[in-house]
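Below is one structure; the comments refer to it alone.
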Amino acid sequence: MKEIKQFLKDNGITLPISIGSLKDDNCIGLFSTAGQEPVFFFSKGYIEKKGLQVMVRHKSYEEGEAIINNVFKLLNDKEGFKPSQSPFYIGRNEKGYAEFSVNYIITKSEVLE
């Protein structure tokens, strides 16, 4: 998650980004979600398929939508990231902030020692 947060910052995302939570302000949250079962190989390795949810919260619907679409474009260009769907509008929270989400499956190869 720290690597994803840094990747987004390095690529022009200026909103505060938190891991595992959303602030009560304009922000982005990164969350682990259910992924898919890993694929194991006889050669002491496996492919892990983790789930990632990216949420954007913003006072402005238009700005929030632009930010989630920018995040979507950035992560789609990153190797190993496969979107589960296009970004979507969740609605407004109790404080009036528009919320958007997009989900990914992240594929990573690991070697067992």
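Heads up: numbering here begins at 1 and tracks the sequence.
- For Lys95, the salt bridge (Lys or Arg N to Asp or Glu O under 4.0 Å) partners two or more places apart in sequence, or in a different chain, are Asp24.
- Connection of Ile67 to Phe81 is established within a shared hydrophobic cluster, with ILVMFWY side chains joined at heavy-atom distances below 4.5 Å, either directly or through further cluster members.
- A donor-acceptor pair is defined here as one N or O able to donate and one able to accept, closer than 3.5 Å; no such pair exists between the side chain of Asn70 and the backbone of Ala66.
- The CD1 atom of Ile68 sits 14.5 Å away from atom CD of Glu63, with the distance rounded to the nearest 0.5 Å.
- Across Ile28 and Ile13, no two heavy atoms sit closer than the pair CD1-CG2, 3.3 Å.
- A donor-acceptor contact shorter than 3.5 Å links the side chain of Tyr104 to the backbone of Phe72.
- Distance check, rounded to the nearest 0.5 Å: OG1 of Thr33 to NZ of Lys50 gives 11.0 Å.
- For the 3.5 Å distance criterion, the side chains of Tyr97 and Asn26 fail to qualify, holding no donor opposite an acceptor.
- Residues Lys5 and Leu30 share a closest heavy-atom pair of N-CD1, 3.8 Å.
- Note on Met55 and Ile106: separate hydrophobic clusters, where clusters join Ile, Leu, Val, Met, Phe, Trp and Tyr whose side-chain heavy atoms are under 4.5 Å apart, directly or indirectly.
- Sorted by first and then second residue, the side chain to side chain donor-acceptor pair (under 3.5 Å) pairs with a member in residues 80-91 form an empty list; sequence neighbours excluded.
- Within the 4.5 Å cutoff, the side chain of Val54 has no heavy atoms near those of the Ile4 side chain.
- What you find for Ile90 and Ser101 is that their closest heavy atoms are CD1-CB, 3.6 Å.
- In this structure, Asn69 and Phe100 have side chains that are not in contact, with every pair of non-hydrogen atoms separated by 4.5 Å or more.
- Of the inter-residue distances, the one linking Gln53 atom CD with Asn103 atom CG reads 5.0 Å to the nearest 0.5 angstrom.
- A single hydrophobic cluster is seen to contain both Leu52 and Leu8, as judged by linkage of ILVMFWY side chains at heavy-atom distances under 4.5 Å, directly or through other members.
- Hydrophobic clustering (ILVMFWY, side-chain heavy atoms < 4.5 Å, transitive): Phe31 and Phe7 are in distinct clusters.
- Lys73 pairs in a side chain to side chain contact (heavy atoms under 4.5 Å, CB included) with only one of the listed residues (Val71, Leu75, Asp77), which is Asp77.
- Here Ser18 contributes atom OG and Asp25 contributes atom CG; the two are 11.0 Å apart, rounded to the nearest 0.5 Å.
- The OH atom of Tyr61 sits 13.0 Å away from atom CD of Glu99, with the distance rounded to the nearest 0.5 Å.
- At distances below 3.5 Å, not a single donor-acceptor pair connects side-chain atoms of Arg57 with backbone N or O atoms of Gly64.
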